[in-house]
Chemist: 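Quick one: structure below, then a few questions.
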Amino acid sequence: MKHDFEPKIVAFVCTWCTYAGADLAGTSRMQYPANVRVLKFPCTGRIDPVFILKAFQKGADGVLVSGCHPGDCHYMAGNFHARRRFAAFRKLLEFVGVDLARLEFSWVSAAEGGKWVEVVTDLTERIRTMGPLAEFKELETEEHWSGRLETAELKEAYNNI
Amino acid sequence: MSRIGVFICHCGENISRTVDVERVAQVTARLPGVAIALDYKYMCSDPGQNLLKKAVAEHKLDGVVVAACSPRMHEKTFRNAARAAGLNPFLCEMANIREHCSWVHEDREEATAKAIDIVKFTVSRVKKDRALAPITVPITKRALVIGGGIAGIQAALDIADAGHQVVLVEREPSIGGHMAQLSETFPTLDCSQCIMTPKMVDVANHPNIKLYTWSEIEEVSGYIGNFQVTVRRKARSVDEDKCTGCGVCMAKCPQKKIDNAFDRNLGTRPAIYVPFPQAVPNTPVIDRDNCTRFKTGKCGVCEKVCGPGAIDYGQQDQLIVEPVGAIVVASGFDLYNIGPKPADSPYEGYGEFGYGAIPDVIDGLTFERLASASGPTGGKILRPSDGKEPKQVVFIQCVGSRAREKGISYCSKICCMYTAKHTMLYKHKIHDGQAYVFFMDARTPGKNYDEFWRRAVEEEEAVYIRGMVSRLYQKGDKVVVMGSDVLVGVQVEIEADLVVLATAVQARTGADLLAQKLGISYDRYNFYSEAHAKLKPVECATAGIYLAGACQGPKDIPDTVSQASAAAAKVMTLFAKDQLEREPIVARVNERNCAGCLACKKVCPYGAVEEKEIRDRNGNLIKTVAYVNPGVCGGCGTCQATCPSKSVELDGYTDEQIMAMIEAL
Amino acid sequence: MSPNRKFALSYSYYPGCSLHASAKEYDVSTKGVFNALRIGLKEVPDWFCCGATPAHNVDELLSLALCAKNLSLAGKVEGDLAVACAACFSRLKTTQHRLKENDIKRKQVETAIDGPVPLGKKVKHLLEILAKDFGLDKLEGAVQKPLTGLKIACYYGCLLTRPPEVPELDDCEAPTIMENVIKAVGGEPVAWSHRLECCGANFTLSRPGVILKLSNEILASAKDAGADCIMVACPLCHGNLDIRQEEIEQATGRRYGMPVFYITQLVGLACGVSPLRLGLESMIVSPAALLREKNLL
Amino acid sequence: MKNAKMHLSTETMNLGFVKKVEALSGSSVRRCFQCGKCSAGCPMRSFMEHPPNRIVRLLQLGQWERVLAGRSIWYCASCETCSTRCPNKVDLAAIMDALRKLSWDAAGPSKESYVQLANRLFMENIRTYGRQYEMRLAAVFNMKSGQFLKDLMLGPKLITKGKLKMFHAKNQNVGEIERIFSRIEEMRKKGEAP
Ligand SMILES: Cc1cc2nc3c(=O)[nH]c(=O)nc-3n(C[C@H](O)[C@H](O)[C@H](O)COP(=O)(O)OP(=O)(O)OC[C@H]3O[C@@H](n4cnc5c(N)ncnc54)[C@H](O)[C@@H]3O)c2cc1C
Ligand SMILES: Cc1cc2nc3c(=O)[nH]c(=O)nc-3n(C[C@H](O)[C@H](O)[C@H](O)COP(=O)(O)OP(=O)(O)OC[C@H]3O[C@@H](n4cnc5c(N)ncnc54)[C@H](O)[C@@H]3O)c2cc1C
Ligand code: SF4
Ligand code: SF4
Ligand code: SF4
Ligand code: SF4
Ligand code: SF4
Ligand code: SF4
Ligand code: SF4
Ligand code: SF4
């Protein structure tokens, strides 16, 4: 089925759990929308909120961040720090005017091919109904999202980490 | 301008069925920086790999993208091929267009578009890739074992037998730990001393084992393969080299009435003592707190009677630095105390059992000493208050364990079994006596364990009562036990001569302090945490440190010994190589930018971040920065995402690489 | 209404129903002792019954409301609230404890009594006042006739220390506060096993058989431990151990003849309060012979 | 009934009742692992047909009728021994309170009438007089329970010792008490209080 709007979804995933889960969906020949582009990280702990902003800037309509279930982190606590960081980051995203529904956090383990399919499908559908993210692209020229602590919001977000 | 080669695999038809591989090749060939883009039926086959190698040479490629299956499948294959062609392997990346594309999408057009995107951002990434050299760390092939209980003894012997040097550090004057205190051991009832002492002697005589008793770990630095351990050898006041172990000093010491902790204070010992006759080493130590000479300067008998002149009152603590490559922690456990709650303890005491003030209420370890042939009563079971033979003995299980109101919710795992053992030992020694056991569950899941418990019930006629005890109180010379039998649904009252409590196994007091020195993690009960409950049960998350025995959680001897041997095997695996090679995915600090806030140190799950002082030529401190120890770093990247000034970078996943990918989306 | 200013320590006072009837000697002796120790005491005007066990037994909200109302009446009198009866003490403290923890219940209670609940008003049992506020040292100093040679079984009952988070009076399983008071006034506390067992208080009316069993065990245990007498800090315990003692003796055939004193009676005796102001004559098991034997009368 | 077979199904396990008990008592029922420590120390155990631990067990199984049918809950003395010593912090004394309330509200299928009668009289006494008058309480109880001669021997003794007042004065503030009772009744009618 063709749609008027094919959103671009960027997924930031960890190598050990979600990337492997997506592999499993592949080896099991499950099907899901082709809108998602997967970027691999060692751990969700490595994912800097700045990357998410950057992805939105670069035309992503939705972003998925997915890693190991709490307690299963390959690096023991990386995903725990990630979660705390993202909690602070949500505020920041709201501030710059991105609807939080465009950002999804999930846990997908290496054994959860089916869950990966579900998460990706649901997010794609959701973003499809939301339409393209226009507002934010205008910010593209502004390069101050480089992670420097210049705005009060970023500072606060970082202090909350 | 870079020269990247792109190789697109058909995977037979697995990819080409849904992805138009030729188109992918055409499009990617036009990308800036791409020197060549080819498609091929089976990239992983020999001809496929040769194709890649040839192209690297012919086109002088400085980067390679293989668009094929998941990197989890063949990244190693292609990186090796790149290395063979003279390219740094870390300049070779895979684009996953099979598992993440051709297999999960049906629409050929969409799948092809997606495959192009995937190749595109991977190309951008490779352009920012840096050549990385695998990290090699030299290994000091000596091991440190902390704790000389059965766990430490077993681990030390295994490693030493494999031909490696072992430093065994024991806090007490003798090795042996708790097992040396036991009488007979379940499930076979062999005498603990009989199976233990030969091993202790082996330790003392082993040419590869350096034994430090009466010693503590002072400081640990370094990382896997390269630890520096400072050991404090406490002053023994006896020269170990001169002492012959004749024991004359102990016999003559006038200060004889000191509670013998090894015998759970049931007996006494002199001020110069070995904790028990079979001690290893058999060298006494002067208990300076109780020695008359140290208190008043008056005595000195032992010095006079010692033939070889081994007594040395002036001995000082010594600090010795030992370089080791691996550490086995085997510091064991303590028993929960039912007395009033000390201010620093997280655990409540047992007011309802009289806070330990009723003399004929003892714990299981004290019972072991009573039953031990070498114990204070010579193996006769006599109760502490009046030395009479107890005819009615009540055992109570789960005291402190499984009692969240006291602060502990776990099961101590060994007490069901040792209580069954105690009822048997009791029956064997006092035939006309009766043992009663108050219990909730009999947890006996081990080989021959349930049979053992059933034997206690069926053959040795222990009366098991399914229920707990509300209160104990002294009545005349009896201890009244107010319990209940929940199966019958009535209260049970027994006037006991002796009550034995199966108190919880808890972590060593101060276990957290040792963990902090070692940089290993521990749970909320201070038991040391393994890296993975099922798959890495003897490794710590901190590389190069391994766990053995009850320091990790309650364990009986079979489990302890298995884990000790497993830990030894892990040490030997490490020592099998001369150098430690690992993926160079580690974090590095840009010392110029680093503000020294140490936010990275706070979040690093591996404790890999250290403080480093930057000094000028005159040695003046300029600033403190973070330093990531590459031997320890696990490569998670949490530090980089956390660093407010972006001063720490994870090789292989730099901001530059990732931003390049996002830009290319 | 301020309490008597001439004393360093002074309290508002909630005697509870029993002290105006079956336990009048507790009331009399409390006033006698406090007067002798120069501790101020001012009764809360128009206090109600706290609801005791029957109320919380079947209707927690009512029980909380009654206690809350009493607390708010007590709020009108300055000073921490001194309570003599262990049951009232337990109910008042429980009310504060529960309502502090539970906002929903607190709102319901506030509606029921149509006003705020003074959760901050300190509720103290007489024991606490004597042992902690006044202090054991001063108590020792006030002794004129030490209770030398008097072997006393200190009986706490169930409500003075339990559940531990509510009364916060002493260790709930191994309290020493009563024994400490007795030692301060020169008495000899005996070690015995039933200090904390329940006497069956609540059943005195409906099921006296219960009392016969439970209180008998307490009396027997005290006797076996060599006590001359029992000391209590609760009128309900007293009722069961003293008033029903003869009945218990008849039922079991064992003679106890064990006087049961209130703590204030013994402290009063030691501090030289006239026996006439201690209500000794109201005790059913007469202490006269015992006290004479120990030269205390 | 007591020993009849238990048929367990989601229909026969009244877990709604258990939730009510948990809400009223503020204590978990599930946490109990049936160690029996509560029953071991309960001074009233021998008067009950179900030991306290079994009350909790029956609740875990949603067997509300079996719990309420007996006299066990009415024989609990609220001594708090069980709650104090339970290794799992199950507040059994509070659970007993909750059960009595629920039984009381349901006009109690319980067999224990004397304790209930005494409780009721006690409460009526408070409502009418503001304070307890032991003499009156005893007299009315004996009359209503048909045990006219109960404690006959105690009376004169107490009176001579001045311990029972024959006459009493009403509390000045008794109207306030009545208002508390009626406000609570009103809240309950409106469903604002349990
Ligand atoms: C009453 C009782 C009866 C038991 N009966 C049996 C039985 O019948 N069968 C059975 O299989 N198991 C039995 N066990 C269990 C058995 O005792 C343990 O499994 C075993 O002792 C665990 O050995 P370990 O070496 O891990 O610890 P431990 O025996 O505790 O040894 C630890 C050693 O480390 C030393 N140490 C501690 N901290 C430091 C430090 N910081 N630096 C240096 N040294 C340190 C200690 O001094 C000690 O020597 C029983 C246990 C108890 C309590
Ligand atoms: C229902 C159930 C649930 C469980 N749940 C858990 C759980 O949640 N957590 C947990 O920790 N454990 C659990 N376990 C236990 C767990 O399954 C075992 O501990 C574990 O599988 C044991 O591994 P093994 O390698 O020793 O034996 P196995 O898994 O039995 O492997 C033995 C292998 O050897 C092969 N083999 C046998 N004979 C020969 C031969 N002659 N020659 C060559 N090959 C041979 C077999 O084909 C098999 O592949 C569970 C077990 C069961 C039954
Ligand atoms: S110190 Fe001297 S006397 Fe003592 S055991 Fe050694 S050699 Fe013998
Ligand atoms: S000097 Fe000390 S150890 Fe030596 S004999 Fe005298 S008291 Fe004993
Ligand atoms: S092993 Fe047995 S006695 Fe020990 S805590 Fe577990 S269940 Fe209780
Ligand atoms: S056999 Fe299995 S189910 Fe039974 S007690 Fe043992 S471990 Fe539990
Ligand atoms: S977080 Fe960054 S700035 Fe702070 S210490 Fe670490 S590397 Fe340096
Ligand atoms: S990459 Fe992870 S393990 Fe390495 S230093 Fe940074 S936080 Fe620690
Ligand atoms: S003491 Fe607690 S856990 Fe044990 S049976 Fe009673 S309620 Fe259950
Ligand atoms: S509160 Fe009730 S159930 Fe609990 S021990 Fe006391 S009488 Fe028994």
Side-chain angles (χ1 to χ4, degrees), chain C residues 17-18 20-24 45-49 51-62 65-66 69 73 98 101-102 108 111-114 157-159 161-164 166 172-173 196-198 200-203 205-210 213-214 217 243-244 246-247 281-284, chain D residues 24 26 43-44 46-47 75 77-81 83-84 91 93 96-98 100-101 103-104 114-123 125-126 130-135 137-138 141 145 150-151 153-154 157-158 161-165 171-173 176-177 179-181 183-184 187 192-194:
Chain C
C17 306
S18 300
H20 279 200
S22 64
K24 72 174 178 105
D46 285 329
W47 52 267
F48 303 118
C49 173
T53 309
H56 80 83
N57 244 336
V58 294
D59 192 340
E60 192 201 24
L61 179 57
L62 178 64
L66 290 173
K69 185 70 202 173
L73 290 174
R98 290 262 160 89
E101 279 185 344
N102 190 324
Q108 287 165 354
T111 313
I113 67 168
D114 194 22
C158 46
L159 294 176
T161 60
R162 284 198 293 255
V166 173
C172 73
E173 297 286 3
L196 300 169
E197 296 299 298
C198 172
N202 184 26
F203 299 99
L205 192 58
S206 53
R207 292 285 175 191
V210 168
K213 175 172 183 289
L214 300 189
E217 284 168 12
I243 299 177
R244 290 204 183 263
E246 195 185 324
E247 212 178 324
E281 75 291 350
S282 297
M283 294 164 66
I284 306 283
Chain D
L24 275 172
M44 298 301 290
S46 50
F47 299 99
Y75 267 88
S78 301
C79 71
E80 304 269 358
T81 310
S83 301
T84 301
D91 192 347
M96 290 291 199
D97 275 354
R100 280 184 294 254
K101 162 121 182 38
S103 171
W104 183 266
Y114 285 172
V115 178
Q116 298 205 39
L117 174 61
N119 281 343
R120 186 156 60 242
L121 295 177
F122 192 96
M123 312 267 275
N125 233 358
I126 301 179
R131 290 183 192 164
Q132 277 324 314
Y133 291 95
E134 290 153 329
M135 179 68 163
L137 192 60
F141 178 85
S145 63
K150 184 171 153 292
D151 288 340
M153 299 311 291
L154 279 183
K157 218 180 327 184
L158 296 180
K161 296 279 185 179
K163 285 187 168 242
L164 281 185
K165 288 189 189 166
N171 189 307
Q172 300 303 308
N173 233 345
E176 186 54 40
I177 284 277
R179 279 194 288 282
I180 292 177
F181 273 83
R183 277 193 214 105
I184 290 179
M187 280 159 75
E192 286 167 2

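To find a chain, count down the sequence lines: A is the first, B the second, and so on, and within it residues start at 1. These values consider heavy atoms only, across backbone and side chains, with no hydrogens, waters or symmetry-generated copies. Computed from a prediction, not measured in an experiment: that's the story for all the values here.
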Chemist: Side chain, backbone, both or neither: which part of C/Thr161 has a heavy atom under 4.5 Å from chain D?
Modeler: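 For C/Thr161, there is no contact with chain D at all, as no heavy atom is under 4.5 Å.
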Chemist: Would you say D/Arg131's side chain and C/Trp47's backbone share a donor-acceptor pair under 3.5 angstrom?
Modeler: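 The answer is yes, because a donor-acceptor pair under 3.5 Å joins these two groups.
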Chemist: State, to 0.1 Å, how close D/Ser78 and C/Leu159 come at their nearest heavy-atom pair, and which atoms those are.
Modeler: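 For D/Ser78 versus C/Leu159, the nearest heavy atoms are O-CD2, 3.8 Å.
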Chemist: State, yes or no, whether a side-chain contact exists between D/Arg179 and C/Asp114 at a heavy-atom distance under 4.5 Å.
Modeler: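 Not touching, per the 4.5 Å side-chain cut-off.
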Chemist: Quick one, D/Phe47 and C/Arg207 - any side-chain contact, counting heavy atoms below 4.5 Å?
Modeler: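 No, every pair of side-chain atoms sits at 4.5 Å or beyond.
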Chemist: Flag the pair C/Glu217 / D/Pro43 as yes when at least one side-chain heavy-atom distance between them is below 4.5 Å, and no otherwise.
Modeler: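 Not in contact.
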Chemist: When only pairs under 4.5 Å are counted, which of D/Thr81, D/Asn119, D/Asn125, D/Asp97 shares the most heavy-atom pairs with chain C?
Modeler: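 Ranked by contacts with chain C, first place is D/Asp97.
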Chemist: Mind checking whether D/Thr84 and C/Arg162 have side chains closer than 4.5 Å, heavy atoms only?
Modeler: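 Yes; the side chains approach each other to less than 4.5 Å.
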Chemist: Taking all heavy atoms of D/Met123 and all of C/Leu62, pick out the closest pair and write down the distance.
Modeler: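 Shortest heavy-atom contact: CE-CD2, 3.3 Å.
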Chemist: Go through C/Val166 and D/Glu80 one step at a time and tell me if the side chain to side chain contact (heavy atoms under 4.5 Å, CB included) criterion holds.
Modeler: CA-CA 11 Å; C/Val166 173; D/Glu80 304 269 358; over 6 Å; no
Chemist: With chain C, which of D/Ile126, D/Leu117, D/Asp91, D/Leu121 has the greatest number of heavy-atom pairs at distances under 4.5 Å?
Modeler: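 Among D/Ile126, D/Leu117, D/Asp91, D/Leu121, the one with the most close pairs to chain C is D/Ile126.
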Chemist: So which part of D/Ser83 gets closer than 4.5 Å to some heavy atom of chain C, the side chain, the backbone, both or neither?
Modeler: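 When you check distances to chain C, no heavy atom of D/Ser83 falls under 4.5 Å.
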Chemist: Heavy-atom pairs under 4.5 Å with chain D: which of C/Asn57, C/Ile284, C/Ile243 has the most?
Modeler: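 Looking at each option in turn, the highest pair count goes to C/Asn57.
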Chemist: Are D/Arg183 and C/Thr111 linked by a side-chain donor-acceptor pair shorter than 3.5 Å?
Modeler: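 There is no such pair (donor and acceptor under 3.5 Å, judged by atom type) between the side chains of D/Arg183 and C/Thr111.
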Chemist: Chain D heavy atoms under 4.5 Å from C/Ser282: which part of the residue, side chain, backbone, both or neither?
Modeler: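 C/Ser282 touches chain D through backbone and side-chain heavy atoms alike.
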Chemist: Flag the pair D/Ile184 / C/Gln108 as yes when at least one side-chain heavy-atom distance between them is below 4.5 Å, and no otherwise.
Modeler: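 Side-chain contact under 4.5 Å: no.
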Chemist: For chain D, which candidate among C/Glu173, C/Glu197, C/Glu101, C/Met283 shows the most heavy-atom pairs at distances under 4.5 Å?
Modeler: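 If we count pairs closer than 4.5 Å to chain D, C/Glu173 comes out on top.
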Chemist: Heavy-atom pairs under 4.5 Å with chain D: which of C/Val210, C/Leu214, C/Thr53 has the most?
Modeler: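 Greatest number of close heavy-atom pairs with chain D: C/Val210.
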Chemist: Mind listing the closest non-hydrogen atom pair of C/Gly51 and D/Phe122 along with its distance?
Modeler: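 Where C/Gly51 meets D/Phe122 most closely, the heavy atoms are O-CE2, 3.4 Å.
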Chemist: Can you confirm whether C/Asp46 sits close enough to D/Glu176 that some side-chain heavy atom of one is under 4.5 Å from a side-chain heavy atom of the other?
Modeler: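 When only atoms from C-beta onward are counted, D/Glu176 and C/Asp46 do not touch, as no gap falls below 4.5 Å.
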Chemist: Would you mind telling me which of D/Met96, D/Glu192, D/Met187 has the largest number of heavy-atom pairs within less than 4.5 Å of chain C?
Modeler: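 It is D/Met187.
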Chemist: Please lay out, stage by stage, how C/Asp59 and D/Trp104 fare under the test side chain to side chain contact (heavy atoms under 4.5 Å, CB included).
Modeler: CA-CA 9 Å; C/Asp59 192 340; D/Trp104 183 266; 5.8 Å; no
